[in-house]
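Not measured: the values here are computed from a predicted model. Values reported hereafter were calculated over all heavy atoms of this structure, with side chains retained and with hydrogens, waters and symmetry mates removed.
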Amino acid sequence: MEDWLPSERSTPTAKSGTSGGGVATRETSDGRRQRFTQTVAARAREVSTRPANVRPTRRLIRRDIMVRHVDPWSVLKISVVFYTCMLIIGMLANAVLWAFIGRLGLVDQATEIAGALNIALVINTGNILRAFFLVGVLGVIFASAVNVFLAFLYNLVADLIGGIRVDLAEDE
C-alpha cells in the first residue's frame, strides 16, 4: 500500500506509514508506534493526489426517457406467462395441502361427523383440484385481459398528456 500522512493527526516529528495488512501506524516523538485510522478527508486527499493514469475515473451518463407507448401484444404475452406460472405454483401448493390433509385423516373425520348428523358428504380430492384448475385458468384469462385493457388505456392517456418519464443512469 502507499504511504500517507494525514495532517490533522500527525505531529512535526512523527513518521507515518502502513504496516502489514494495510493498518496505518505512526511513530510519535517519544519512539512509540501508534495505530490510527484514516479519516475521510485524508482518503479524499489521497485520491486527489494520485496520478490520473493510476485509477481511471468513471463517468455517469444520465438519460431521461419517456415511455409513450406500451405494446398490448407484449403485455398479453408477458401476462399469460406470468399468470400461468402463478397458476402452476398455486396448483402445486394446493396438491401439497390436500396431500397433507389426507395424511392427517381430516377428510375421513369430516365425513364421519357429517354421517353422524345424517348428511351425506363425499369429498373427492380430484374434483377439488380440477375445480381449482378451472378457476385458475379463468383467472389467467381475466387477469391477462385486464392487463391488456390497462395497456390500451395507458396508450390513450400517454397520447394526451405525455407518458412516464424514466431517468436512466449508466457507468461508462
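- With sequence neighbours excluded, the residues satisfying side-chain contact (heavy atoms from CB on, under 4.5 Å) with R165 are D64, M66.
- Looking at heavy atoms from C-beta onward, Y154 lies in side-chain contact with V67 at the 4.5 angstrom threshold.
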Report task. Could you go through the side-chain contact (heavy atoms from CB on, under 4.5 Å) check for F142 and V146 one step at a time? Result -> CA-CA 6 Å; F142 179 73; V146 167; 3.8 Å; yes
Show which side-chain atoms of residues 112-141 pair as donor or acceptor with protein atoms under 3.5 Å away, not counting sequence neighbours.
{"residue": "N124", "atom": "OD1", "partner": "G126", "partner atom": "N", "Å": "3.2"}
{"residue": "N127", "atom": "OD1", "partner": "R130", "partner atom": "NH1", "Å": "2.6"}

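- In the hydrophobic clustering, I161 connects to V157, L160, either directly or through intervening members, whenever side-chain heavy atoms lie under 4.5 Å apart.
- Both V107 and L104 are part of a single hydrophobic cluster, where members link through side-chain heavy atoms under 4.5 Å apart.
- Under a hydrophobic-cluster definition in which Ile, Leu, Val, Met, Phe, Trp and Tyr are linked whenever side-chain heavy atoms come within less than 4.5 Å, directly or via other members, L156 and I164 are assigned to different clusters.
- Legend: residues meeting side-chain hydrogen bond (donor to acceptor under 3.5 Å, both in side chains) with R68, ordered by chain and number and at least two apart, are absent.
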Just distance, no hydrogens or angles: give the donor-acceptor pairs under 3.5 Å from side chains in residues 74-90, sequence neighbours left out.
{"residue": "S74", "atom": "OG", "partner": "D71", "partner atom": "OD2", "Å": "3.2"}
{"residue": "S79", "atom": "OG", "partner": "V75", "partner atom": "O", "Å": "2.8"}
{"residue": "S79", "atom": "OG", "partner": "N147", "partner atom": "ND2", "Å": "2.9"}
{"residue": "Y83", "atom": "OH", "partner": "N147", "partner atom": "ND2", "Å": "3.4"}
{"residue": "T84", "atom": "OG1", "partner": "V80", "partner atom": "O", "Å": "2.5"}

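- Residues satisfying the side-chain hydrogen bond (donor to acceptor under 3.5 Å, both in side chains) test with R62, not counting sequence neighbours, are D167.
- Taking the salt bridge (Lys or Arg N to Asp or Glu O under 4.0 Å) definition, one finds that R63 meets it with E170, sequence neighbours left out.
- Looking at every heavy atom in both residues, A151 comes nearest to P72 through CB-CA, 4.3 Å.
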Which pairs would a plain distance check flag for residues 91-98, meaning a side-chain donor or acceptor within less than 3.5 Å of a matching protein atom at least two apart in sequence or in another chain?
{"residue": "N94", "atom": "OD1", "partner": "W98", "partner atom": "NE1", "Å": "3.1"}

